[in-house]
Amino acid sequence: MIRIEGLTKIFRSDETETVGLDNVNLNVEQGEFVAVMGPSGCGKTTLLNVIGLLDTPTAGTYYFRADNVAGYTEKQRSNFRKEKIGFIFQNFNLIDELTVYENVELPLVYLGIGSKDRKILVSKTLDSLGILARKKYLPTQLSGGQQQRVAIARAIVSNPSLLLADEPTGNLDSSRGEDVMNLLNILNDKGTTIIMVTHSNRDAEYSNRIVNLFDGRILEASRPK
């Protein structure tokens, strides 16, 4: 599904040059659940942002199925993200002024899906995550665990090919974090490909494969114990 070769990302300013990714090679198969681990500043989020087309590489190739998406224009990247990728963030990134229903509906609006079909998809997704009864609530009226469920619902409502999660349990207590990881595991069992950045060894155990990064390089890939 994903084939990355020689991927390099360099951040430049007037006085400094920082290597975010250094000649990274990575393959991810359809239906895999990959955990990306490493110390702070090693390039984990940079890799996730490049895979998610939120950032562009300085060099290298990135194939998503048969397409080399590394050289896409901003418009192409935007369309690709809307159609192919769901994002789950540590800080939820929900819009406080919108209800739960409206937050989850938003990606479908961007895709131009009609209101009747949006209602069916949003209701089905909220129900599958056990939060349909809170569809009229605002994010500030929810617990952290409930907010993350809404964020997951928003990420999967359009049935993306790839789900990217950046520290999805980082702001949750252990019990609610476990609930979120169980949800991700269920989604993966249903065929969703997941790439997750995490510092948590416990969360990484839910994955099929662990990729370890250090100073922008992949040190090794291993299977969870």
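As a basis for the values below, the full set of heavy atoms in this structure was taken, side chains included, without hydrogen atoms, waters or symmetry mates.
Rounding to the nearest 0.5 Å gives a distance of 6.0 Å between OG of S207 and CE of M196. Taking CG from L163 and CG from L187, the interatomic distance works out to 6.5 Å, rounded to the nearest 0.5 Å.
Proximity of a side-chain donor or acceptor of T193 to a complementary backbone N or O of G31 within less than 3.5 Å is detected. With T198 contributing its side chain and A204 its backbone, the two residues share no donor-acceptor pair below 3.5 Å. With N212 contributing its side chain and G38 its backbone, the two residues share no donor-acceptor pair below 3.5 Å. Q148 places no side-chain N or O within donor-acceptor distance of the main-chain N or O of G145, the cut-off being under 3.5 Å. The backbone N or O of L172 sits nowhere less than 3.5 Å from a side-chain atom of T169 that would complete a donor-acceptor pair. Using a distance-only test at 3.5 Å, with no hydrogens or angles considered, no donor-acceptor pair links the side chain of R118 to the main chain of E105. Put simply, the side chain of R81 gets close to the backbone of L53: a donor and an acceptor are under 3.5 Å apart. Without hydrogens or angle criteria, Q147 side chain to F92 main chain gives no donor-acceptor distance under 3.5 Å. Under a 3.5 Å cut-off, the side chain of N103 and the backbone N or O of L98 do form a donor-acceptor pair. For the pair S128 (side chain) and T125 (backbone), a donor-acceptor distance under 3.5 Å is present.
The number of heavy atoms from other shown groups lying within 6.0 Å of NZ (K9) is above 12. In this structure, K84 places its NZ atom where only 12 or fewer heavy-atom neighbours from other residues, nucleotides or ligands lie under 6.0 Å away. For F11, the CZ atom sits in a packed shell: over 12 heavy atoms of surrounding residues, nucleotides or ligands are nearer than 6.0 Å.
In this structure, V104 is not a member of the same hydrophobic cluster as L164, with clusters built from ILVMFWY side-chain heavy atoms closer than 4.5 Å.
At a cut-off of 3.5 Å, with distance as the only test, no side-chain donor of R134 or Q141 sits close to an acceptor on the other residue.
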Exercise for review: Go through K119 and Y101 one step at a time and tell me if the side-chain contact (heavy atoms from CB on, under 4.5 Å) criterion holds.
Suggested key: CA-CA 9 Å; K119 183 176 181 179; Y101 183 96; 3.4 Å; yes

Practice item. Mind running side-chain contact (heavy atoms from CB on, under 4.5 Å) on Y63 and I2 for me, showing each step along the way? Key: CA-CA 6 Å; Y63 283 91; I2 290 174; over 6 Å; no

Practice item. Step by step, work out the side-chain contact (heavy atoms from CB on, under 4.5 Å) result for M37 and L213. Key: CA-CA 6 Å; M37 301 191 73; L213 277 179; over 6 Å; no

Exercise for review: List the steps and the verdict of side-chain contact (heavy atoms from CB on, under 4.5 Å) for E17 and I10.
Suggested key: CA-CA 7 Å; E17 182 175 284; I10 299 174; 3.2 Å; yes

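Taking 4.5 Å as the limit, some side-chain heavy atom of F33 sits within range of a side-chain heavy atom of L184. N25 places a side-chain heavy atom less than 4.5 Å from the side chain of E5. Annotation: side chain of Q30 is in contact with side chain of R65 (closest heavy-atom distance under 4.5 Å). Annotation: side chain of V157 is in contact with side chain of L108 (closest heavy-atom distance under 4.5 Å). Counting heavy atoms from C-beta on, the side chains of P168 and F89 never come closer than 4.5 Å. Within the 4.5 Å cutoff, side-chain heavy atoms of Y206 are placed close to those of N182. Looking at heavy atoms from C-beta onward, S40 lies in side-chain contact with H199 at the 4.5 angstrom threshold. Inter-residue side-chain proximity for D179 and R149 is flagged as met; some heavy-atom pair is nearer than 4.5 Å.
The side-chain contact (heavy atoms from CB on, under 4.5 Å) test with R154 singles out one residue from V122, L94, L106, and that residue is L94. When the options I218, T8, D215, V50 are evaluated for a side-chain contact (heavy atoms from CB on, under 4.5 Å) with L21, the one that passes is V50. Under the side-chain contact (heavy atoms from CB on, under 4.5 Å) rule, L7 has a single partner from T61, N23, L47, L26, which is L47.
Geometrically, R77 does not engage Y72 in a cation-pi contact defined by less than 6.0 Å to the ring centre and at most 45° from the axis.
For F80 and F64, the distance between ring centers is under 6.0 angstrom.
Minimum heavy-atom separation, S143 to Q146: N-OE1, 2.9 Å.
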